[in-house]
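As structure tokens, the structure follows; a few thoughts come after it.
Proteins get letters first, then strands, A, B, ... in listed order; numbering begins at 1 in each. A quick note: this is a predicted structure, and the numbers were derived from the prediction, not measured. These values consider heavy atoms only, across backbone and side chains, with no hydrogens, waters or symmetry-generated copies.
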Amino acid sequence: MEAEKESLNFIEQIIESDLVTNPTKKVHTRFPPEPNGYLHIGHAKSICLNFGVGAKYNGQTNLRFDDTNPVTEETEYVDSIKEDIRWLGFDWEDREYYASDYFQQLYDMAEKLIQKGKAYVDDSDAETMATQKGTPTEPGVHSQFRNRTVEENLDLFRKMKAGAFEEGTRVLRAKIDMASTNMLMRDPVIYRIKYATHHRTGDEWCIYPMYDFAHGQSDAVEEITYSLCTLEFENHRPLYDWFIQELEIFPSRQIEFARLNVDYMITSKRKLKQLVDEGIVSGWDDPRMPTISGMRRRGYTPASLRTFCDKVGIAKRENTIEMSLLEYCVREDLNKIAPRIMAVLDPVKLVITNLAADYQETMLVENNPEQPDEGSREVFFSRTIYIERSDFMEDPPKKYFRLGPDRKVRLKGAYIIHCTHFEKGADGKVDSIYAEFVPNSKSGEDTSGVKVKGTIHWVDAQTALDAEVRLYDRLFLDPTPDNHPDKSFLDFINPDSMDILQRVKLEANYKKAGTSRHFQFLRKGYFFEDYNSSTKAIVFNRTVTLRDSWAKLQQKI
RNA sequence: UGUCGGGUCGUCUAAUAGGCAGGACGCCAGAAUUUGGAUCUGGAAAUAGAGGUUCGAAUCCUCUCCUGACAACCA
């Protein structure tokens with residue numbers, strides 16, 4: 001426990017070591033999403049890291065939209081990203097920036113590079129440039145336009161900006177080294193012509209900087225001291241540093257860490273968009289999506305996601321986290337805060353034959369045993385109740401602690417009942433169960449001396465509310481659905497990822513259990529009331545089941 | 001065949017100047033229990049391999065093996 005608290009991840013170690021050398025160094029980070037999709041669990045890790053490190057070392061964290069590609073970026077995404085970060089519990093205060101805010105500065109930097117003879121306009125088409133680039137094992141060759149004069153380059157670049165050329169006919173390239181072993185240093189393209197309307201700058205620009213000429217430069221403008229990104233940018237670091245040196249700008253330091261992977265989930269924005277566009281899920285916030293908005297709708301809490309991001313750690317090795325860790329984190333949080341109510345997902349009628357037909361009683365049931373201060377609520381009880389179909393077996397095995405013919409069980413918060421007989425319907429399924437309550441066995445005042453091993457939940461039939469409950473399971477059947485070279489991730493879609501239950505029986509007073517929209521349905525799991533739920537049509541989403549040691553035992557028998 | 005990364009329990013992750021390989025999830029067993037939940041106790045479980053340096057190596061050196069990224073006018 002203590003060791004866990006004290007150990008620093010490698011980024012914190014770098015920072016603390018810098019702070020020893022330079023105690024006044026500011027820790028300034030940024031979270032730099034591209035607004036071309038919704039944020040997902042992987043972004044949550046980056047958000048927690050960047051904002052977490054900023055806060056830990058009394059620094060600041062900027063939100064910066066990396067919006068340099070007008071073709072894919074939209075305001076809808078900007079809005080959802082901001083909502084998701086706030087919901088996760090982080091605050092960028094007034095530091096909401098856009099790379100597009102820096103277009104003029106970026107342009108000026110490009111001219112500076114041209115002036116220094118370190119950039120040139122290339123008229124080659126994309127195919128020629130690709131060919132000339134060489135391969136990882138063979139050096140590239142120089143473009144015929146590489147030795148244009150500064151004046152010619154400046155003139156052409158200004159014309160590019162002025163809209164004198166067709167899209168795709170010219171680019172600006174950094175002049176570095178076509179023989180570098182790092183492909184990114186082989187005269188990378190830094191500006192391209194695009195006649196597209198930008199979500200913020202409109203048609204003001206027809207040339208746009210590439211990632212490598214926008215990200216690091218934006219870091220410099222904002223004086224970001226630690227630019228934390230994922231491993232795939234490792235090869236970009238020499239280029240990042242080259243621009244700092246040639247442009248003589250603020251020396252931000254790029255540090256790469258391994259992205260988060262969770263088994264049975266995908267985090268490719270392109271593929272998530274495909275799930276949405278093809279209608280495989282209901283939208284970006286479908287509760288089966290690994291998006292922050294999807295998990296929010298599913299019933300995950302900000303705290304549980306933050307705990308998860310903390311527990312997965314920060315390192316450089318590739319990793320795949322088991323989903324059980326995520327589930328552990330959400331159960332741990334919900335166990336503390338979710339009021340308990342009783343809901344019967346798959347109801348079967350049970351008649352207590354030694355009660356009068358008009359018998360009525362209210363039982364006091366605790367709202368949350370983990371929070372005694374939250375008190376109890378009244379739950380209606382009468383002669384006819386619903387119990388879970390799976391809580392009765394015609395011919396139960398010895399280790400089954402629930403109901404069966406001539407077996408006894410405790411009704412949570414009420415009496416012990418003794419099953420006398422049951423009836424089947426025409427379909428062969430159990431239709432009605434009959435039982436007698438044991439006198440003097442009422443919960444809390446039991447003097448009957450009868451001991452039972454099982455306790456089941458129930459809902460009074462007369463007063464029960466009907467609800468729709470959506471049971472969600474993993475969206476994919478394979479732990480790494482997008483890791484099969486010969487198959488599409490769509491081949492692994494779980495056909496049973498959603499099960500909609502229409503006639504769930506809910507206790508009438510469930511709202512009195514607490515103000516939370518998160519509930520624990522006793523013995524069944526944690527459920528979250530959907531934003532489409534209303535008093536006329538109650539809808540719940542299952543966040544996660546409870547751990548189920550009976551299911552495990554059952555598999556072994 | 002190149003360059004740059006990375007290999008510690010099943011999965012993540014520690015071991016901060018070379019000094020008892022620790023924690024978490026999961027798993028197994030038990031206790032307790034009016035949720036087969038939560039809780040509590042205990043357990044099994046790892047340094048990719050081979051050499052070398054050293055009193056002592058996950059850590060330093062050499063070789064081997066495995067693995068990821070890189071040849072978009074995407075980010």
Side-chain angles (χ1 to χ4, degrees), chain A residues 1-9 13 16-17 32-34 36 66-69 71-73 122 125-126 129-131 133-140 167-173 180-186 189-194 208 210-212 214-215 229 231-238 256 258 263 269-270 311-329 331-332 335-336 340 342 366 369-370 399-402 410-414 416 443-444 446 452-457 520-525 545-554:
Chain A
M1 199 71 191
E2 206 146 312
E4 193 186 19
K5 237 180 195 172
E6 286 174 8
S7 81
L8 303 174
N9 64 51
Q13 286 177 21
E16 295 205 358
S17 146
E34 183 190 9
N36 67 345
D66 220 339
D67 56 350
T68 56
N69 185 359
V71 178
T72 55
E73 295 152 6
D122 196 330
D125 57 51
M129 276 181 46
T131 311
K133 200 146 206 169
T135 71
T137 51
E138 301 161 274
E167 196 165 304
T169 56
R170 281 175 179 80
V171 293
L172 183 69
R173 291 227 255 172
S180 172
T181 51
N182 183 339
M183 299 291 290
L184 286 157
M185 300 297 272
R186 321 248 262 227
V189 172
I190 57 178
Y191 260 94
R192 79 287 212 189
I193 301 169
K194 259 196 202 310
Y208 292 93
M210 300 291 292
Y211 166 84
D212 287 302
H215 198 104
C229 62
L231 250 29
E232 68 259 37
F233 294 100
E234 212 157 16
N235 293 340
H236 293 245
R237 183 158 23 96
E256 312 85 14
D263 56 11
K269 271 200 261 185
R270 202 198 92 237
K311 283 186 184 295
V312 297
I314 303 293
K316 293 195 77 157
R317 52 183 161 257
E318 308 267 351
N319 61 83
T320 304
I321 309 295
E322 290 177 340
M323 212 152 63
S324 61
L325 182 64
L326 219 204
E327 295 183 339
Y328 165 82
C329 292
R331 286 190 187 112
E332 185 193 38
N335 177 49
K336 287 181 293 187
R340 273 59 168 173
M342 293 196 282
E366 61 200 340
E370 301 289 320
K399 289 192 170 174
Y400 183 83
F401 299 153
R402 287 109 96 165
R410 154 93 47 200
L411 294 176
K412 175 69 184 178
I416 292 172
S443 184
D446 185 347
V452 292
K453 279 199 155 170
T455 298
I456 64 172
H457 60 280
Q520 184 195 106
F521 288 2
L522 220 63
R523 303 205 305 134
K524 281 290 152 189
T545 61
L546 257 26
R547 283 182 72 226
D548 189 351
S549 54
W550 164 246
K552 272 184 226 160
L553 218 196
Q554 214 174 9

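Nucleic acid contact for A:T137: base, since at least one base atom lies under 4.0 Å from a heavy atom of the residue. Residue contacts shown for A:G413 include a base, since a base heavy atom lies under 4.0 Å away. Counting non-hydrogen atoms under 4.0 angstrom, A:P238 reaches nothing in the nucleic acid. Using a 4.0 Å heavy-atom criterion, one finds that A:R340 contacts the bases of the nucleic acid, with or without backbone contacts as well. Using a 4.0 Å heavy-atom cutoff across all strands shown, A:K453 reaches no nucleic acid atom at all.
Atom P of nucleotide B:U33 and atom NZ of A:K412 are separated by 14 Å, given to the nearest angstrom. For the pair A:Q554 CD and B:G36 P, the interatomic distance rounds to 13 Å; values are reported in whole Å. Distance CG (A:L325) to C1' (B:G23): 13 Å, rounded to an integer number of Å. As a whole-Å value, the separation of A:D263 CG from B:G10 P is 16 Å. The interatomic distance linking A:I314 (CD1) with B:G6 (P) rounds to 16 Å, in whole Å. Between the P atom of B:U33 and the CD atom of A:E366 lies a distance of 15 Å, rounded to the nearest Å.
With hydrogens and angles left out, the side chain of A:R331 and the base of B:G37 share no donor-acceptor pair within 3.5 Å. Below the 3.5 angstrom threshold, one finds a donor paired with an acceptor across the side chain of A:R410 and the base of B:U34. For a distance-only test at 3.5 Å, the side chain of A:S443 qualifies as a donor-acceptor partner of the base of B:U34.
With the 3.5 Å cutoff on both pairing distances, Watson-Crick and G-U pairs in RNA chain B assemble into runs of at least 3 at B:2-7 with B:65-70, B:10-13 with B:22-25, B:27-31 with B:39-43, B:48-52 with B:60-64.
Remark: aromatic rings of A:H236 and A:Y211 are close, center separation under 6.0 Å.
When all heavy atoms of A:E73 and A:D66 are compared, the closest pair comes out as OE2-O, 3.5 Å. Residues A:M129 and A:V171 come closest through the heavy atom pair SD-CG2, 3.9 Å.
Contact annotation: A:R317 reaches the phosphate of B:A14 (side-chain N/O to OP1 or OP2, under 4.0 Å). The phosphate of B:G68 has neither OP1 nor OP2 within less than 4.0 Å of any side-chain N or O from A:K316. Under 4.0 angstrom from either OP1 or OP2 of B:A15 there lies at least one side-chain N or O belonging to A:Q13.
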Nucleotides 69-75 of chain B: protein proximity per nucleotide (B base, S sugar-phosphate only, - neither; heavy atom, under 4.0 Å):
BSB-BSB
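Under a 4.0 Å N-O distance rule, the pair A:K316/A:E256 qualifies as a salt bridge.
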Below 3.5 Å between N/O atoms, which protein atoms pair up with nucleotides 39-49 of chain B? Just atom names and distances, please.
none

